[in-house]
Student: 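Quick one: the structure is below, and I'll ask about it shortly.
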Amino acid sequence: MLTFDNDKCVGCGQCVEDCVINSLKLAERKAVLDGKCIRCGHCVAICPEGAVSLPEYDMRDVEEFRETGFRLEAATLLRAIKFRRSIRRFAERKIEREKLDSIIQAGRYTATGSNAQGCKFIVVQDELAVLKEMIWRRVEEDLSRGPNLAPELLKNLKFFIKMRDTFGIDYLFRNAPAVLYIAADSAVDAGLAAQNMELMAVAQGLGVMFNGYVVWLSSLNEKVLDWLGTGKKPIAASMLIGYPDVRYQRTAPRKPADVDWR
């Protein structure tokens with residue numbers, strides 16, 4: 001539950017003005033909760049005296065704002081976005097745990113609708129061989145059913161097997177050392193988190209490829225879902241992560257923006 005330190009609260013009313021659902025008020029020049037709290041933390045963030053806390057969360061995780069070293073240069077950020085590429089060639093190198101944790105933190109702090117904070121992140125690196133074996137076995141089992149499959153599914157499964165057996169290319173996992181899943185009821189929440197997580201990965205010298213095929217094949221496989229522990233949350237996104245085994249020399253061209261200025 002939201003709590004206020006009355007010794008620190010000076011009754012400035014900033015938290016009242018900033019409450020996204022108008023559930024705070026001033027009573028005898030002190031802030032109090034007067035309704036539902038969605039635990040968005042706006043009141044914690046805006047209080048100039050540090051008088052507000054959410055005890056159910058680890059308040060040691062809250063950082064004080066410092067102007068120096070905080071703001072990104074707009075041109076630098078845009079260049080980073082323009083230079084990012086979907087990586088399909090990964091080096092055989094394990095990803096350090098601290099780098100993966102930074103990627104998770106970028107996802108954890110991403111905005112979610114109604115402050116749901118409902119994204120579940122599953123990182124598979126040490127046991128990636130187990131995941132691959134389950135998915136490939138299911139692909140082979142489904143392919144053996146042949147005409148009983150939907151045409152589009154049959155076409156894709158044949159393609160995956162052909163790339164693997166004829167050309168030696170794992171079209172699903174691309175030699176990536178890790179796969180990261182995001183399970184969430186909201187695809188929008190998962191997509192927002194995934195984008196921030198990719199930026200964090202790139203900032204640490206890693207590369208990412210969003211993989212809809214892995215989402216699809218994992219979601220169809222109850223054994224994989226049980227193994228991942230997604231519960232009732234559907235898999236909304238997956239990303240292959242690793243150190244790129246390729247170096248791009250320039251940005252790629254894009255169509256002009258489809259935008260209306262009104």
Side-chain angles (χ1 to χ4, degrees), residues 14 17-22 38-42 45-46 63 65-90 99 102-121 152 155-156 159 171-172 174 176 179-219 233-244 246-262:
Q14 291 195 49
E17 292 293 325
D18 206 54
C19 180
V20 298
I21 56 173
N22 299 316
I38 64 170
R39 296 163 178 79
C40 65
H42 274 233
I46 202 171
E63 296 184 35
F65 178 79
R66 296 288 184 270
E67 187 73 35
T68 303
F70 173 76
R71 299 195 180 279
L72 292 172
E73 291 291 336
T76 301
L77 177 58
L78 181 57
R79 290 194 72 215
I81 293 170
K82 290 170 68 176
F83 270 93
R84 65 139 310 272
R85 300 259 62 79
S86 293
I87 302 301
R88 293 173 174 82
R89 293 156 56 191
F90 294 94
K99 290 190 175 183
S102 293
I103 294 169
I104 295 299
Q105 298 311 311
R108 181 168 76 101
Y109 274 95
T110 301
T112 55
S114 299
N115 193 40
Q117 300 180 51
C119 292
K120 179 178 178 61
F121 308 105
E152 189 64 23
K155 175 182 176 183
N156 282 312
F159 175 73
Y171 198 80
L172 296 177
R174 303 284 183 167
V179 178
L180 192 153
Y181 289 91
I182 305 175
D185 292 321
S186 169
V188 173
D189 288 353
L192 292 171
Q195 188 63 77
N196 279 353
M197 294 166 84
E198 182 190 26
L199 288 173
M200 178 57 75
V202 171
Q204 299 181 104
L206 298 164
V208 167
M209 177 180 148
F210 294 108
N211 196 316
Y213 286 127
V214 170
V215 171
W216 176 45
L217 292 171
S218 300
S219 299
K233 292 181 180 180
I235 297 174
S238 76
M239 38 178 42
L240 308 181
I241 306 178
Y243 286 96
V246 58
R247 180 180 177 86
Y248 294 101
Q249 303 298 325
R250 58 195 57 82
T251 64
R254 287 289 185 265
K255 296 178 181 179
D258 184 0
V259 57
D260 290 332
W261 301 97
R262 297 173 181 257

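In this chain, numbering begins with 1 at the start of the sequence shown. Being a predicted model, the structure only gives us computed values, none of them experimental.
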Student: If I compare all heavy atoms of Met200 with all of Ala106, which pair ends up nearest, and what's the gap?
Tutor: CB-CB, 3.8 Å
Student: If you compare all heavy atoms of Ser86 against all heavy atoms of Tyr248, which two are closest, and at what distance to 0.1 Å?
Tutor: O-OH, 4.3 Å
Student: Please report the interatomic distance CD(Gln117) to CZ(Arg108), rounded to the nearest 0.5 Å.
Tutor: 8.5 Å
Student: Quick check: does any side chain N or O of Lys99 sit under 3.5 Å from a backbone N or O of Gln204, one acting as donor and the other as acceptor?
Tutor: yes
Student: Where do Cys119 and Ala193 come nearest, in terms of heavy atoms and distance?
Tutor: SG-CB, 4.5 Å
Student: Restricting to non-hydrogen atoms, name the atom on Asn211 and the atom on Tyr213 that form the minimum distance, rounded to 0.1 Å.
Tutor: OD1-N, 3.0 Å
Student: With rounding to the nearest 0.5 angstrom, report the CD1 to OG1 distance, Ile81 to Thr76.
Tutor: 11.0 Å
Student: Quick check: do Tyr181 and Val214 have side-chain heavy atoms less than 4.5 Å from each other?
Tutor: yes
Student: Supply the atom-to-atom distance Asp18 CG to Cys40 SG, rounded to the nearest 0.5 angstrom.
Tutor: 8.0 Å
Student: Could you walk me through whether His42 and Ile46 pass the side-chain contact (heavy atoms from CB on, under 4.5 Å) check?
Tutor: CA-CA 6 Å; His42 274 233; Ile46 202 171; 5.9 Å; no
Student: A cation-pi test, strictly: NZ or CZ of Arg174 under 6.0 Å from the centre of the six-membered ring of Tyr171 and no more than 45 degrees from its axis. Yes or no?
Tutor: yes
Student: Please report the closest heavy-atom contact between Val215 and Ile235, naming both atoms and the distance.
Tutor: CG1-O, 3.6 Å
Student: Report the distance from atom CG of Leu180 to atom CD of Glu198, rounding to the nearest 0.5 Å.
Tutor: 12.0 Å
Student: Below 4.5 Å, heavy atoms only, C-beta onward: do Thr110 and Asp189 meet side chain to side chain?
Tutor: no
Student: So how far is it from Glu73 CD to Arg79 CZ, rounded to the nearest 0.5 Å?
Tutor: 12.5 Å
Student: Rounded to the nearest 0.5 Å, what's the gap from CE on Met239 to CD1 on Ile182? Could you check?
Tutor: 5.5 Å
Student: Compare every heavy atom of Ile87 with every heavy atom of Gly207, then report the nearest pair and how far apart it is.
Tutor: CA-CG1, 3.7 Å
Student: Taking atom types as modelled, is there a side-chain donor on Glu17 or Gln14 under 3.5 Å from an acceptor on the other?
Tutor: no
Student: Could you tell me whether the side chain of Asn115 and the main chain of Arg39 form a donor-acceptor pair under 3.5 Å?
Tutor: yes
